[in-house]
Amino acid sequence: MAHLQPPPTSPPAHCFVKRTFHKPVYCHHCTDLLWGIIGQGYTCEVCNFVVHDKCMKTVVSPCSSVAPTLIKTPVAHCWSEPLHLRRRHCNVCRKKLDDTWAIKCEVCEYNVHVECEDFTVPNCKDCATFVPEKNLSQVVQQHHWREGNLPANSKCVVDKKTCWTGECLAGLRCEWCGYTVHAMCADKVPADCTFGLLEPIMLPPTAVSIPRTEVPMEAIIGVQTRRKDTLSPRSISEEFPSGDYKVRESDELSRDRTKDRDEKDEEVVKVFDGNSSLRRRMFRLVTVSRAASVTEFLTAAMRAFHVPQENTKTYLTDAYSAEETELTDPLPVSKLTRRDGKRPAVFLRYREKDNDEGCIRVYPSRLGGEVVMDHTVLPVTSSTCVTDIIAHSLHKFGITNDNPDDYRLVEVMLDKGVSERVMECNERPWDLLKAVARDSIRQMEMTRFYLQLVKDPHGPSIALFVGSLPPNLSQRQYENILADIVGKAGYKYSSIGPIYYEYGSMVITYEDSDLAVRAFYTLRESCYDDKNLLVMLLPNIQPQMIPEGVQPLLVFVNVKSGGCQGLELITSFRKLLNPYQVFDLDNGGPLPGLYVFRQVKHYKILVCGGDGTIGWVLQCLDNVGQDSECQHPACAIVPLGTGNDLARVLRWGPGYNGGEDPINLLKDVIDAEDIRLDRWTVVFHQDEKVEEKQMQTNSTAGSTSEDNTQIFVMNNYFGIGIEAELCLDFHNAREENPNKFNSRLHNKGVYVKMGLRKMVSRKLCKDLHKEIRLEVDGRAVDLPPVEGVIILNILSWGSGANPWGPEKDDQFNKPNHWDGHLEVVGVTGIVHLGQIQSGLRSAIRIAQGGHIRIKLNSELPVQVDGEPWNQAPGEVVVLKSALKATMLKKTSKSKLRRRNTEPSMVANEQTKLEPIRGDPASTSHPL
């Protein structure tokens with residue numbers, strides 16, 4: 001890869017030309033409006049960077065043609081599906097994304113047109129940077145600056161002036177700490193990034209280790225890979241003249257443009273970048289003067305493909321000529337072969353015969369702290385082999401005592417992502433680059449080489465989470481299933497365990513990374529019982545690299561809750577935090593995340609979902625807690641469900657509606673206080689005379705023993721009678737049409753309709769007090785005439801109602817959810833239920849106690865924490881559970897919160913930035 005360094009007089013490789021703008025245009029450096037009538041400023045012919053004359057010498061933003069060459073460690077982006085993005089600018093062509101198809105990175109704030117994807121810079125956040133040779137005191141987190149698309153009203157942390165604009169791509173924001181600065185102020189910010197206000201809950205990248213594999217980041221964090229068939233056609237054609245990204249012109253407008261070009265004596269020519277471009281029918285259009293020289297024509301063609309090569313090493317050929325002749329002066333445009341109905345076309349070619357030697361860049365790939373160079377440039381010839389380059393690179397990096405056989409050279413291509421290939425010792429890199437240039441000169445420019453140890457410093461151990469297998473099988477049965485899938489293919493794992501029998505999932509470990517990758521893809525394409533297996537490659541957390549006082553936040557998001565709010569939240573949290581601490585519950589549930597965090601001594605959990613999701617996470621914590629360093633992490637809630645009763649009690653609100661900024665949710669988690677939640681065991685034992693087939697229940701909600709006893713854990717409430725019957729009807733309706741129940745308002749409307757029907761239908765629970773017998777703390781309790789009984793652990797039920805009612809002078813104590821007692825109340829019918837939910841009445845207080853026994857004389861509807869079924873005659877016992885739960889309660893706000901772009905800076909950051917501030921009393925932080 002023969003890179004040409006930009007000349008000293010040129011701002012970061014931009015190709016500026018003076019322009020007259022016919023509409024308001026803003027400088028991409030200082031964000032001020034360009035004033036004047038003619039020649040107001042300059043624009044880069046490659047990346048469309050607009051700048052004042054006075055700002056040209058201070059521009060620091062690199063041109064997109066050289067930006068990939070400035071990256072030390074490339075990290076591929078995790079692209080979304082094509083979508084429409086409002087009020088955003090493309091990070092490649094710098095133009096607005098409105099009304100055009102675009103894609104965005106799910107991990108960082110990188111947004112581009114679909115048509116610009118070929119020219120993206122693979123500089124996503126590096127979220128796993130653990131270095132085995134370094135301890136906690138030796139690692140330094142660097143800022144990761146991203147240009148443009150800053151939050152509204154962002155201010156520079158250096159000069160306190162506005163650095164945000166909605167008119168162009170300008171300003172910088174750190175993807176980790178959230179600092180926002182002017183581009184010219186970035187070098188005045190301390191180099192060390194401390195993650196800003198999210199430091200107490202951030203999982204540091206230096207504490208995350210992932211062995212070297214070819215598995216993309218999407219597969220590890222659970223982002224669904226884009227399907228190729230959903231993309232719009234990718235051929236670059238008439239709508240992109242001279243690299244200018246525009247919508248397709250109408251025929252009339254095209255004729256007008258053609259007429260204008262004829263009058264200006266210009267011609268539009270198709271440019272193919274090598275053989276690969278022709279095979280994919282990917283070309284760019286350039287508009288050149290018919291009197292242009294070969295040098296001018298070649299320069300325009302290279303700029304169209306964002307290629308920073310020297311002109312002397314490239315040339316143009318006539319694509320439609322019989323022998324693909326090279327274009328020469330004079331008047332090369334007029335010599336082009338023309339076909340009927342087609343524009344003339346040229347190939348951009350590399351001079352192989354005249355280039356038997358050149359230079360390549362070799363980068364150190366995490367070789368330890370002794371290497372301080374970012375890269376080294378080595379001269380090579382057609383006879384230079386990989387062994388020679390390894391020896392020369394070790395000498396340049398100052399590694400003189402190691403055996404060269406312990407190292408290998410890796411070819412890395414940055415074109416449309418990041419692809420790696422380990423090179424053989426006898427390969428010749430310069431010949432390889434020339435072969436790549438035949439296919440694409442841009443690909444040649446995007447190819448680089450890395451020196452790395454043959455032995456992975458992170459170790460070869462890789463854990464795979466395997467799910468969607470039948471539950472409650474034996475270990476031998478699970479091993480036989482895996483043997484049929486990966487054993488026969490020769491990908492036998494080293495160990496198995498833990499096994500989560502109740503969920504039909506497990507973790508298998510490989511000590512060979514290549515075997516693990518093959519097994520990963522084999523399992524992902526396999527089925528069992530007509531179900532696709534769920535497979536995840538799990539990252540490793542190094543707990544010794546987590547600073548003192550930091551409690552990383554493990555985030556679980558139920559993307560199916562709250563309509564599309566779950567999807568929006570998980571994307572926001574992946575960008576605000578380390579994506580390796582954010583888990584999609586649709587991919588294996590809570591178990592993969594809990595396994596990854598099993599060695600972390602102190603951490604918190606944030607559950608985004610409804611009451612059922614919270615119960616699911618707590619149940620999984622019960623199963624894995626004894627094998628984890630932190631057995632009872634405190635749990636916070638973002639309520640996405642319908643009722644959200646536990647979230648209401650803990651002050652997290654009635655339901656997240658998308659109006660609150662996700663950064664504020666994380667601040668609330670940091671400030672929240674620990675509080676205990678009583679949990680209760682509910683034991684159902686049906687009469688022996690009742691056959692097992694009469695019992696209709698959800699087998700995944702509790703455990704069943706051989707004597708027809710079922711055991712459930714209750715967190716919120718337990719109901720018998722009319723309330724449970726209504727809950728069961730709603731549950732059945734949702735099971736039949738789950739797609740209709742994606743709105744909180746719709747769900748409540750369905751509840752109301754069902755309640756009205758119950759008023760005029762047959763009374764299944766009439767005279768309930770005659771069908772059950774209640775005993776509290778060993779004493780029989782007489783029931784009043786009721787149609788339903790509710791046993792409460794928290795003082796919120798049915799989307800925020802309080803059946804117990806306000807405090808009054810009676811024989812009962814003031815209840816709470818950590819006092820070791822339950823409250824028993826009764827409802828007389830549907831009308832009474834409606835009055836309770838509307839706050840007009842309270843339920844009938846019946847009893848308080850810590851041990852409740854209920855005898856059912858007939859089959860009755862019951863529900864535990866919103867999971868309903870019809871329970872056969874028998875006995876129900878509710879007693880205090882040995883399982884514990886620590887929850888996080890949101891603290892009340894003592895003052896109004898400021899906008900997220902201008903909050904107060906944390907104390908340590910204020911001290912660091914003090915020397916560069918004009919007003920020490922004025923502090924701001926972008927988070």
Side-chain angles (χ1 to χ4, degrees), residues 72-73 75 107-108 124-144 174-178 190-213 217 220-221 364-372 452-453 455-463 507 509 513 537-555 573-583 592-606 627-631 633-634 666 669-670 906 908-909 912:
K72 178 183 177 183
T73 304
V75 180
V107 174
C108 69
C124 191
K125 291 194 303 186
D126 196 353
C127 304
T129 60
F130 171 69
V131 179
E133 296 82 8
K134 294 184 178 181
N135 57 37
L136 183 59
S137 61
Q138 295 174 310
V139 298
V140 177
Q141 178 65 39
Q142 302 290 332
H143 291 287
H144 188 93
C174 176
E175 302 269 20
W176 289 113
C177 67
D192 297 1
C193 177
T194 59
F195 305 110
L197 293 180
L198 298 182
E199 181 183 15
I201 57 173
M202 181 71 73
L203 176 63
T206 53
V208 182
S209 168
I210 298 179
R212 294 192 304 235
T213 69
M217 186 178 184
I220 301 175
I221 66 174
S365 178
R366 297 179 182 172
L367 298 182
E370 58 186 16
V371 179
V372 295
Q452 63 181 211
L453 287 164
K455 184 179 179 181
D456 191 346
H458 298 99
S461 179
I462 294 182
V507 175
T509 305
S513 58
L537 191 151
L538 303 178
N540 300 317
I541 294 181
Q542 308 296 329
Q544 75 278 9
M545 301 301 292
I546 299 177
E548 189 72 24
V550 173
Q551 297 185 41
L553 184 67
L554 173 57
V555 181
F573 288 147
R574 280 174 177 152
K575 293 179 179 180
L576 292 169
L577 301 169
N578 191 322
Y580 292 121
Q581 66 186 111
V582 182
F583 288 82
L594 295 175
Y595 178 83
V596 170
F597 273 65
R598 71 194 184 284
Q599 295 180 339
V600 181
K601 293 184 178 180
H602 304 287
Y603 69 95
K604 299 177 181 180
I605 293 178
L606 176 62
D627 300 323
S628 305
E629 288 288 333
C630 183
Q631 296 188 6
L666 296 178
V669 174
I670 295 173
V906 289
N908 59 335
E909 299 299 330
K912 288 184 179 181

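Only heavy atoms go into these numbers, but all of them, side chains included; no hydrogens, no water, no symmetry mates.
- Looking only at side-chain heavy atoms (C-beta outward), Pro205 and Asn578 come within less than 4.5 Å of each other.
- When all heavy atoms of Ile201 and Gln581 are compared, the closest pair comes out as O-NE2, 3.1 Å.
- Counting heavy atoms from C-beta outward, Ser209 and Met545 have side chains that stay 4.5 Å or more apart.
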When you look at Val596 and Phe583, which way does the side chain to side chain contact (heavy atoms under 4.5 Å, CB included) test go after all the steps? CA-CA 11 Å; Val596 170; Phe583 288 82; 4.1 Å; yes
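- When atom types are taken as modelled, the side chain of His602 and the backbone of Gly549 share no donor-acceptor pair closer than 3.5 angstrom.
- The structure places CE of Met202 at 10.0 Å from CG of Leu553, a figure rounded to the nearest 0.5 Å.
- Lys604 places none of its side-chain heavy atoms less than 4.5 Å from the side chain of Cys630.
- Closest approach of Ala463 and Val507 over heavy atoms only: CB-CG1, 3.9 Å.
- For the atom pair CE (Met217) and CG (Asp126), the distance works out to 8.5 Å, reported to the nearest 0.5 Å.
- The shortest heavy-atom contact between Pro552 and Val600 is CD-CG1, 4.3 Å.
- You'll find the side chain of Ile541 stays beyond 4.5 Å of the side chain of Tyr580, heavy atoms only.
- Between the CD atom of Gln141 and the OG1 atom of Thr206 there is a distance of 6.5 Å, given to the nearest 0.5 Å.
- None of Cys108, Cys193, Cys124 except one satisfies the side-chain contact (heavy atoms from CB on, under 4.5 Å) rule with Glu175; the exception is Cys108.
- Considering CG of Asp456 and OG of Ser461, their distance stands at 10.5 Å, rounded to 0.5 Å.
- Contact of the Leu606 side chain with the Leu666 side chain is registered, since non-hydrogen atoms from C-beta on lie closer than 4.5 Å.
- Contact of the Leu537 side chain with the Ile462 side chain is registered, since non-hydrogen atoms from C-beta on lie closer than 4.5 Å.
- Leu577 contributes atom CG, which lies 10.5 Å from atom CG of Leu554 (distance to the nearest 0.5 angstrom).
- In this structure, Leu203 CG and Phe597 CZ are separated by 5.0 Å, a value rounded to the nearest 0.5 Å.
- With a 6.0 Å radius and a threshold of 12 heavy atoms from other residues, nucleotides or ligands, Lys601 has its NZ atom at or below the threshold.
- Pro364 and Leu367 get closest at one heavy-atom pair: CB-CD1, 3.8 Å.
- The closest side-chain heavy-atom distance from Val107 to Cys127 is below 4.5 Å.
- Lys125 approaches Arg574 most closely through the heavy-atom pair NZ-O, 3.5 Å.
- Minimum heavy-atom separation, Trp176 to Gln142: CD1-O, 4.1 Å.
- Looking only at side-chain heavy atoms (C-beta outward), Leu594 and Ser628 stay at 4.5 Å or farther from each other.
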